[in-house]
Amino acid sequence: MTEVSETRLAQPNRKAKRRFKKEYLWGYSFVAAPILGFLLFAFIPIGYSVFVSFTKYDAFNPPEVIGAENYARLLFEDPLFWKSLVNTFYAAVGIPIGMAVALAIAIALNQKIVGIKYFRTVFFLPTICSVVALTLLWKWIFNADYGLLNYLLSLINVEGPAWLNDYRWAMPSMIIQGVWAGLGFHMILYLAALQGVSSTLYEAAEIDGAGSWKKFRYITIPGISPTTLFILITAIIGALQDFVRFMIMTEGGPEYSTMTVVYYLFLNAFRYMDMGYASAMAWMLGILIMIITLINFWLSRRWVHYE
Amino acid sequence: MKAKKSVFLVICFILFAATVIGCAGTKTNTNDNAANQNAGNNNTAAPGNNGDANTGEEVNIKFAGWGDPSEKKVFNQLIADFETKYPTIKVEYLHMPADYVGKMNTMLAGGTAPDVLYVPDGDFGRWVSAGLLLSIDSYVEASDIDTADMWDSALTRYSFDGVKTGAGELYALPKDIGPIVLYYNKVLFDAANVPYPSAENPMTFDELLETAQKLTIDENGDGKPEQYGMGPAWWEGWIWGNGGDIISEDRTEFLMHEKAAVDAMQFAADLRNKYKVTPDSRALQAMNDGQMFETGKLAMMEQGRWMVPTYRNLDFDWDVAPKPTNGKWDGHSGSVGLGIYSKTKNADAAYKLVEYLGGPEGQRLQSEMGFAIPSFKSMANTDVFLQPGQKPEHAEVFIKAAEAQKAGPWTYLPNAKWWDTLNQNLAQLWDGRKTAEQLFIELKPEIDKAIKEGNPKLFE
């Protein structure tokens with residue numbers, strides 16, 4: 001650390017050095033806090049979890065090194081891990097649906113109409129609410145007998161399923177809830193992106209006689225593609241780490257139909273007190289997220305356009 | 001240059017301090033762990049070693065528990081009484097209404113747990129096998145607590161022999177026990193002209209079915225009864241009552257695939273799917289069985305003593321009867337224990353509190369509130385518990401149930417994965433997708449594996 005700053009400090013000429021020194025001093029001391037924080041509360045724990053993943057550790061007694069046993073068990077002996085992984089990807093079905101809906105709403109809210117700010121606020125509102133509160137709300141919406149959803153369905157003479165209590169419907173229910181919960185945030189990102197697309201392009205296209213579909217297809221979609229990539233990547237990472245809603249709404253059931261990787265990890269760590277195994281699982285998940293993100297970036301070269 | 005250096009000095013110092021603190025933390029931990037393991041293996045510190053309450057020096061201890069406001073009130077009073085009795089001991093009461101186990105796990109892992117703590121019977125095995133609780137055998141022996149007068153299963157579930165619960169040294173005293181009995185709505189029985197269940201003899205499965213059928217009423221004939229005869233099963237007791245078992249005596253093997261257990265579970269499922277006298281999961285999603293009972297939509301249901309204060313406010317007449325278990329007194333109970341953190345510096349004072357709360361004084365006050373059955377048999381048979389003139393009329397049913405109870409199966413092993421696996425899969429039986437026989441034969445290898453994986457010491 002000392003070396004790096006010495007070289008930096010050596011750059012300015014002697015005359016300016018005094019002033020620089022003082023500024024640098026303050027700069028470094030401000031930077032020190034987050035760096036130390038990162039080291040203490042992120043980097044060291046992350047490193048420690050690598051170590052723990054090679055041990056048997058119950059959090060109360062000293063860890064006992066057992067080599068790669070946890071990883072072997074994870075990959076070859078635990079069908080529930082694979083099931084939770086499949087479930088997690090199943091849950092990710094909601095991502096493209098959510099993005100399409102968010103874009104549609106963003107386009108609608110991009111119009112110049114009186115009171116549009118009110119609607120923008122309304123759509124964004126769920127984003128700032130507590131996940132726990134929203135989840136409890138949806139638990140009520142999904143209730144089979146007096147929930148809102150089945151009441152609405154009963155108006156058109158459809159008998160709704162026992163959403164969260166039926167192993168076939170539990171995951172689709174979670175997907176519906178997830179799409180809804182992500183809408184506000186994605187919508188606001190799309191709205192910003194839409195407003196960033198240069199109007200001169202549309203004017204030029206109009207002069208060339210392009211209709212609204214063509215304008216949307218050849219100007220809007222490429223224009224907002226960096227945002228699409230951003231949403232896609234954050235949404236995939238979010239979906240792979242989805243946890244709170246599952247803990248509150250379904251506890252992984254019925255019959256493990258909504259057991260996601262992170263909920264399973266949580267059970268192993270804090271219910272079965274198997275920290276080593278849970279850490280191994282966390283690292284597998286971390287690696288998986290990294291691979292998927294790299295693939296995403298690699299594929300994105302084909303469809304993302306930066307101005 | 002000077003100023004720059006001092007900044008780096010500060011940074012270095014902070015880093016250094018952090019490392020030292022980190023190391024120190026680790027060291028203390030290791031030492032404590034060693035002490036811990038001693039505590040777990042040999043019989044712990046003898047009474048009188050430290051924190052002696054009689055030296056006149058003031059001792060501060062912490063006590064953690066959960067519970068609704070009424071329980072908090074009872075314990076505030078108990079603690080005040082305790083402090084009057086032992087003026088040198090001051091108790092700080094940490095009331096954690098939500099996520100108690102999560103918070104306690106964190107405190108236990110961080111080495112900052114309170115001296116005396118509630119120990120849920122389901123978490124007992126895990127905590128004691130990790131060396132977090134102090135063995136209280138020698139304390140109990142030296143004190144006035146008469147363990148022979150306590151309900152057997154209430155006490156033994158808090159013992160641990162190094163591998164499994166139910167035998168070996170004692171690590172906690174029961175705060176309460178809650179065996180399951182049958183509550184019934186007398187008004188609905190009268191209306192259907194059905195005799196009340198006997199307070200002496202548990203119903204057989206056939207009698208239960210017959211009674212429940214008479215009390216299941218579908219007024220408008222839409223196939224969805226407006227009133228159900230019987231609530232969902234607390235099935236553990238039904239298996240035992242039918243001569244089956246859940247896991248083997250030595251806790252190594254899952255046994256619900258055997259005929260007696262299969263028959264009992266199939267009967268429980270048939271009540272719902274074949275005879276339709278029990279609400280299915282759809283009906284129960286709207287209300288739980290307790291709410292259905294309170295609103296007169298359920299004639300019989302199984303519950304513990306803790307519902308009595310609530311049900312005393314109901315505007316219809318009700319009573320209790322033995323849990324129907326095919327003719328034999330049987331069933332399970334839940335419980336919470338009072339344990340002492342193994343790293344406490346005031347073990348003596350901590351035990352004084354455990355003794356007070358788990359002993360006659362503490363039990364009397366809790367029983368008078370109507371929530372709990374006292375841990376002592378002699379006290380249960382007095383008016384403190386029976387409370388003549390108040391509902392239920394046949395309060396002695398609770399006492400017989402306490403005699404016959406077993407610890408709930410979730411207390412059996414330190415690792416609960418086998419139990420989670422079972423519960424996750426039971427829906428297939430309850431909604432009729434699989435027969436009990438199919439399901440449990442299919443589940444057996446998976447659950448056996450979970451038992452083995454989670455509790456390797458059992459198989460050494």
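In this text the structure is predicted, and so the values were computed from the model without any measurement. Chain naming here is simple, since letters A, B, ... match the order of the sequence lines and numbering starts at 1 in each. Just so you know, these numbers use all the heavy atoms, side chains as well, and skip hydrogens, waters and symmetry mates.
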For residues 255-267 of chain A against chain B, heavy atoms under 4.5 Å, the residues are A:Glu255, A:Tyr256, A:Met259, A:Tyr264

Any chance OH of A:Tyr151 has more than 12 other-residue heavy atoms, nucleotides or ligands included, within less than 6.0 Å?
-> no

| Parallel, tilted or perpendicular: ring planes of B:Tyr118 versus B:Tyr100, cut at 30 and 60 degrees | tilted

(request) Report yes or no: does A:Asp274 contribute a side-chain atom to a donor-acceptor pair with the main-chain N or O of A:Asn268 at less than 3.5 Å? (result) no

Measure the shortest side-chain to side-chain distance between B:Phe254 and B:Met256 over non-hydrogen atoms and say whether it is less than 4.5 angstrom. yes

Would you mind reporting whether B:Arg251 and B:Leu458 have side-chain heavy atoms less than 4.5 Å apart? yes

N/O donor-acceptor pair under 3.5 Å between B:Thr106 side chain and B:Gly102 backbone | yes

Q) Any side-chain heavy atom of B:Lys297 sitting closer than 4.5 Å to one from B:Gln227? A) no

Query raised in the report: Would you say the side chain of B:Arg433 lies within less than 4.5 Å of the side chain of A:Tyr167, judging by non-hydrogen atoms?
Result: yes

Whatever's closer than 4.5 Å to a heavy atom in chain A on B:Glu453 counts as side chain

Do A:Ser29 and A:Tyr24 have side-chain heavy atoms sitting under 4.5 Å apart?
no

Among residues 414-426 of chain B, residues within the sub-4.5 Å heavy-atom range of chain A, in order of number, are B:Asn415, B:Ala416, B:Lys417, B:Trp419, B:Asp420, B:Thr421, B:Gln424, B:Asn425

| said: Walk me through whether A:Gln177 and A:Phe142 qualify under side chain to side chain contact (heavy atoms under 4.5 Å, CB included). | reply: CA-CA 10 Å; A:Gln177 199 267 337; A:Phe142 282 130; 4.2 Å; yes

